[in-house]
Chemist: 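I'd like to ask some things about the structure below.
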Amino acid sequence: MIMKPNHKVGIVGWGGYIPKYRLPVENISRIWGKDAERYKEGLMINEKAVAGPDEDTATIAIEAAQNALKRAQIDPKEIGAVFVGSESKPYAVKPTGTIVAEAIGATPNILAADLEFACKAGTEGLQCCMGLVSSGMIKYGLAIGADVAQGAPGDDLEFSAASGGAAFILSRDSENCVAAIEASYSYVTDTPDFWRRAERPFPQHGEAFTGKPAYFHHIESAARNLMAELDKKPSDFKYAVFHQPNGKFPIRVAKTLGFSTAQIAPGLLVPNIGNTYSAAVPLGLSAILDIASPGDEILVVSYGSGAGSDAFYIVVKDAIEEKRDLCLKIKDYLTRRQQIGYKCYIKWRRHIIGQPK
Amino acid sequence: MSDLRVPKLWREIPQHYRLEASKCLTCGRIYFPPKTVCNNCKSKNFEKTLLPRKGVIETFTIIRQAPSKYELYVPYAVAVVKLENGVKVLSQITDCEPDKLQIGMPVEAVIRRLYDDGENGVIHYGFKFRPVF
Amino acid sequence: MRDVAIIGVGLTKVDMHFDKSIRELFKEAVSKALDDAFNPDIESAYIGNMAADEFNNQKNISSLLIDFSGLNNIPSTRIETGESSGGSALIAGFNDVASGLHDFVLVGGVEKMSEVVSSEAESIMSLGMFHEYETIHGLSPEGAAALVMRLYMHRYNVKEEDIALLAQLDHKNAVNNPYAQLRFEVTVESIIKARPLADPITLMHCAPLGDGAAALILCPMDKAKKITDNPIQIAGVGQASDTLGLTQRDDLLDFKAIRLAADKAYKMAGIEAKDIQVAEIFDSYTIYGLIALEELGLANRGEAAAMLKNGYFSKDGVKPVNISGGLKARGHPIGATGVYQSAEIALMLRGDAQFKLDSTPEIGLAQTLSGAGVNSTVQILRRV
Ligand SMILES: [Zn+2]
């Protein structure tokens, strides 16, 4: 069912973060005796962003939130809720949201909660904030998608599982907003295509089963239903961003839905940073907002295994021009790049047996 | 047993996360970590102030033999950073190539894991600095 | 205030004494000092020790050590000011005698570090820094020294190899000290090419880990003169503290604690820096030794390395420094080091065969330091 807030809601600030380190596909395939070209072609991933040894979902979320705050230009004490969507929380029990809220100076009069829904927990935070700000329960809400994604050594996921984060501060629609979130649509079913059991370090997945009945079915359903409810067609949108576990899936789903390569290119970050899970769609949207113009319409569709999709209809507003340059942009983080080797990667991720934890 | 005294570091969160310092209302001197009596003028009138998050490296070292629990990060840089208001803080320099560090290099504050008390313990976060980019 | 004399000196060789307990090591130094002082009845004791809690799993060591030294039931107090603990213990003993409270006082220092592996020792030594603002950032003690050294090199345009000259001098002098831990000579090249610990500091810029105990017997000068022909007067003492955190000082290279401690000691002794004929300085890291020479007024700021180079501080130079081998080569059993230094100066002023100089000096200085200028003591001894 379409979710339309009674009071219009907008984004007052946005910001992303991508770690500096990159692990090229070749550095992984060489270790496991696999063909790099096949992965690069099959996944359309050249390299993935890797968190440094002192980074985790909390630190990534904090920098993304600090960037969003720089653009929002608000007193952090006025933020009434923070949601951190992630599947790689630093603690199994102990919230990440409190760490973020404390770091940005938003505590103590604030709601903090962590969300988990595989790769779509970040967009769920947007929906939570839409409800809270639209109803007037809070003035500003902070929604973050961040992950330091895990892939078991040797598994196909290891080629894509990456790190990054993006944050959005929402308020009721005003001149301070850079974009209005006109409507959202969620579509979920019980489809176990990818999971990680409690207390296990790495996720499992159903290989081809993650495709048609999972990723494609949910994204297509959410996108079509939202567009139908709003009487919109693909050509109405300047940009679209779909969840990007690899390069091929979002391109294929865009084609199926009737979107062009030009519409999705600015938000398609996966070839150079990999799949940042809960951060994938939020980072794609951040990259689009970094270059969007007032009046541009954007379709956003996330996907989380398990399974579900959240779709959003966003219209860019005038304030974007004056806020764009107030913090580092996605392209700045893409440019700040240091290549690492596999040995460094497994040491930092603490995968070496006997390594002090 | 945990090495970390949790309340001891929890208490420092305003300083470690947000660089909260104290400023003497009588002579204007800024203290980090905060003090409540001024070494300069002996006043006890203080207000809270946030330190600037940018500065330059005054001096630095590359730690190659680390205290236990910091081995994961070796080699890592530790520096004295002179902030824009002249206050100095000691910090790791993260996301840097140690061999390219120089005295005078501009750096900015970020929040990172400072100390990880084993796989069962708490994670303590706090500021580090990185080269401005 | 009464004049105070040193009438007994006892040293153990600094080494990895795997076969000796902290009790046994301490007793050895005390017995030697008592014999040297013709076995007076000791009335109270002050013992410098930094970290028996961590190295030896033992608190209350002041009672333990005195009991096992055969000194029953006397007041005994452990003194801890980090690495300068030995110097502070000596000042406490001095105060006790000078005030007239006690006549015969034992000042001891002991550290037994070889119970732990080097990484553990590293962590224990790190406890001397500001935990929430330095140690938590992964700073090591040699890292702190490296921060100071790089800034010193940058500001005064001094090269690493010139700073290394102090370590080379220490090693050369230690060859003749039977109590020294590292009795061999080294080249400057071997110092700067040694294993890097915290750039620009290599292993060879640092004092080694070791065990040692040292003891002194103090008494009023009038009594001393009746007991011995060569009493050594503690002519001046001074101590000063500074911020625990390096960054809380206006200038990292301003080791004010040394300067203030020295000013007090010089004033009490009625002398100036130029009157010092021989000195034991606290070079836990070579750079701290250079800074000490400057803060003590024995060298101008930024010029200590140049003076080392021209031989001013060599054994046959104008002002011999670290005849013992210094912390680098005599060794640095932390809480004992300050007591070693004063004991060695006392032996030099006595013209003792083991610390023989071409002409026996009359006035000598010993200086301790904790951390990167956190606390310092200065003791001035005079032959009477
Ligand atoms: Zn003041």
Chemist: Measure A:E102 against the heavy atoms of chain B and call it side chain, backbone, both or neither at under 4.5 Å.
Modeler: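 Both the backbone and the side chain of A:E102 come within 4.5 Å of chain B.
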Chemist: If we define contacts as heavy-atom pairs under 4.5 Å, which of A:I62, A:T107, A:D56 has the most with chain B?
Modeler: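 Answer, by heavy-atom pair count under 4.5 Å with chain B: A:D56.
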Chemist: Pair A:Y345, A:Y21 - check ring-ring contact (aromatic ring centres under 6.0 Å, His included), show working.
Modeler: CA-CA 9 Å; A:Y345 166 70; A:Y21 306 99; over 10 Å; no
Chemist: Side chains of A:T276 and A:D147: is there a donor and an acceptor less than 3.5 Å apart?
Modeler: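 The criterion, which ignores hydrogens and geometry beyond distance, is not satisfied for A:D147 and A:T276.
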Chemist: Would you say A:E158 and A:Y342 are linked by a side-chain donor-acceptor pair, where the criterion is simply a distance under 3.5 Å?
Modeler: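 Result is yes, a qualifying pair exists.
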Chemist: What are the two closest heavy atoms between B:F60 and B:I103, and how far apart are they?
Modeler: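 For B:F60 versus B:I103, the nearest heavy atoms are CE2-N, 3.8 Å.
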Chemist: More than 12 heavy atoms of other residues, nucleotides or ligands under 6.0 Å from NZ of B:K8: yes or no?
Modeler: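 Counting other residues, nucleotides and ligands, NZ of B:K8 exceeds 12 neighbours.
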Chemist: Counting only heavy atoms closer than 4.5 Å, note whether B:Y125 contacts chain A via side chain, backbone, both or neither.
Modeler: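 For B:Y125, the side chain is the part near chain A, not the backbone.
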Chemist: Please classify the contact between A:L328 and chain B as side chain, backbone, both or neither, with a heavy-atom cut-off of under 4.5 Å.
Modeler: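 For A:L328, the side chain is the part near chain B, not the backbone.
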Chemist: Under a 4.5 Å heavy-atom cutoff, which of B:I111, B:L50, B:N120 has the most pairs with chain A?
Modeler: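 Of the options given, most contacts go to B:I111.
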